[in-house]
Amino acid sequence: MPATPPPRLLPEWAPQSGVLLTWPHGHSDWAGELAAIEAEYTALAAAIAARESVLIGCHDETVEGHVRERLAHAGVAAARCRLHRVPSNDTWVRDYGPLTVERDGRPRLVAFSFNAWGGKYPHAEDARISARLHAAGAFGALPLQREALVAEAHR
């Protein structure tokens, strides 16, 4: 019997259904420059939404309402934006968000452990974001596999 091929990490040029962002807030790493960075995030979300869906993690209800207003004011199509309330410590979702892999021709999500570079920064909320978004249905029916491997470590 042939061996099952291992999962394949999809390259950045593979077709995708959307992009995940974590919006900055007053308790995040951008607190001191919030107005400037929110302008950048608004432009980024608008550019993404012009081509595909953007999934935005919002720290709380207040941030979610604020993001909706900003995006509407910028003319971003609400149908292209999916906002979910998930507390966060940091905005760099690339370090703690799930990765998409392909197994048996089907996409699935892998959530690695996140420890903020060996505990250098607060990260308890970030470490739970993938699971919280998955539980809320943010990724549709894609299965989520948890891995103990720390993908972003620092010694």
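Start at 1 with the first residue, then count along the sequence.
For the pair Ala49 and Val76, the tightest heavy-atom approach, listed with the atom from each and the gap, is CB-CG1, 3.6 Å. Listed here is the closest heavy atom pair of Leu9 and Thr100: CD1-O, 3.7 Å. Closest heavy-atom contact between Arg103 and Pro7: NH2-CD, 3.1 Å. Scanning both residues, Pro143 and Pro107, for their nearest heavy atoms gives CD-O, 4.1 Å. Between Ile56 and Ala45, the shortest heavy-atom distance links the atoms CD1-CB, 4.3 Å. Minimum interatomic distance between Ile129 and Thr22 (heavy atoms only, all atoms of both residues): CD1-OG1, 4.5 Å.
Residue His27 places its NE2 atom among 12 or fewer non-hydrogen atoms of other residues, nucleotides or ligands, all under 6.0 Å distant. For Glu33, the CD atom sits in a loose shell: 12 or fewer heavy atoms of surrounding residues, nucleotides or ligands are nearer than 6.0 Å.
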Given the rule in the side-chain contact (heavy atoms from CB on, under 4.5 Å) test, do Arg132 and Glu125 qualify, once you have shown the distances and angles that lead to the verdict?
CA-CA 10 Å; Arg132 286 176 170 163; Glu125 301 296 0; 2.7 Å; yes
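Counting heavy atoms from C-beta on, the side chains of His84 and Leu55 come closer than 4.5 Å. A heavy-atom distance below 4.5 Å is not found between the side chains of Asp60 and Pro87. Taking the side chain as every heavy atom from C-beta outward, Leu142 and Pro98 never approach each other to under 4.5 Å. Put simply, the side chain of Phe114 reaches to within 4.5 Å of the side chain of Asp95, judged on heavy atoms. When side chains are defined from C-beta on, Phe112 counts as touching Leu99, because their heavy atoms get closer than 4.5 Å. Side-chain contact check for Leu83 versus Val67: some heavy-atom pair is nearer than 4.5 Å. By the 4.5 Å heavy-atom criterion applied to side chains, Asn115 and His123 are counted as neighbours. Proximity of Leu133 to Phe139: side-chain heavy atoms (C-beta onward) are separated by under 4.5 Å at one or more points.
Not a single donor-acceptor pair under 3.5 Å links the side chain of Asp104 to the backbone N or O of Arg106. Between the side chain of Glu64 and the backbone N or O of Cys58, no donor-acceptor pair lies under 3.5 Å. A donor-acceptor contact shorter than 3.5 Å links the side chain of Arg82 to the backbone of Ala138. Under a 3.5 Å cut-off, the side chain of Ser113 and the backbone N or O of Ala148 do form a donor-acceptor pair. Checked by atom type and distance alone, the side chain of Arg51 pairs as donor or acceptor with a backbone atom of Ala47 at under 3.5 Å. The backbone N or O of Thr62 sits nowhere less than 3.5 Å from a side-chain atom of His25 that would complete a donor-acceptor pair.
Judged purely by distance below 3.5 Å, without hydrogens or angles, the side chains of Glu38 and Trp30 never pair a donor atom with an acceptor atom. In this structure, a donor-acceptor pair under 3.5 Å is present between the side chains of Thr42 and Arg70. With hydrogens and angles left out, the side-chain atoms of Ser88 and Tyr96 include no donor and acceptor closer than 3.5 Å.
Interatomic distance, Arg146 CZ to His134 NE2, rounded to the nearest 0.5 Å: 11.0 Å. Note: Tyr121 OH to Asp126 CG = 13.0 Å, rounded to the nearest 0.5 Å. Rounding to the nearest 0.5 Å gives a distance of 9.0 Å between OG of Ser28 and CD1 of Ile37. Going from atom OG1 of Thr91 over to atom CG of Leu21 covers 9.5 Å, rounded to the nearest 0.5 Å. How far CD of Glu52 is from CZ of Arg80: 8.0 Å, rounded to the nearest 0.5 Å.
Put simply, Val54 and Leu71 are part of the same group of oily side chains (I, L, V, M, F, W, Y) that touch within less than 4.5 Å, one to the next.
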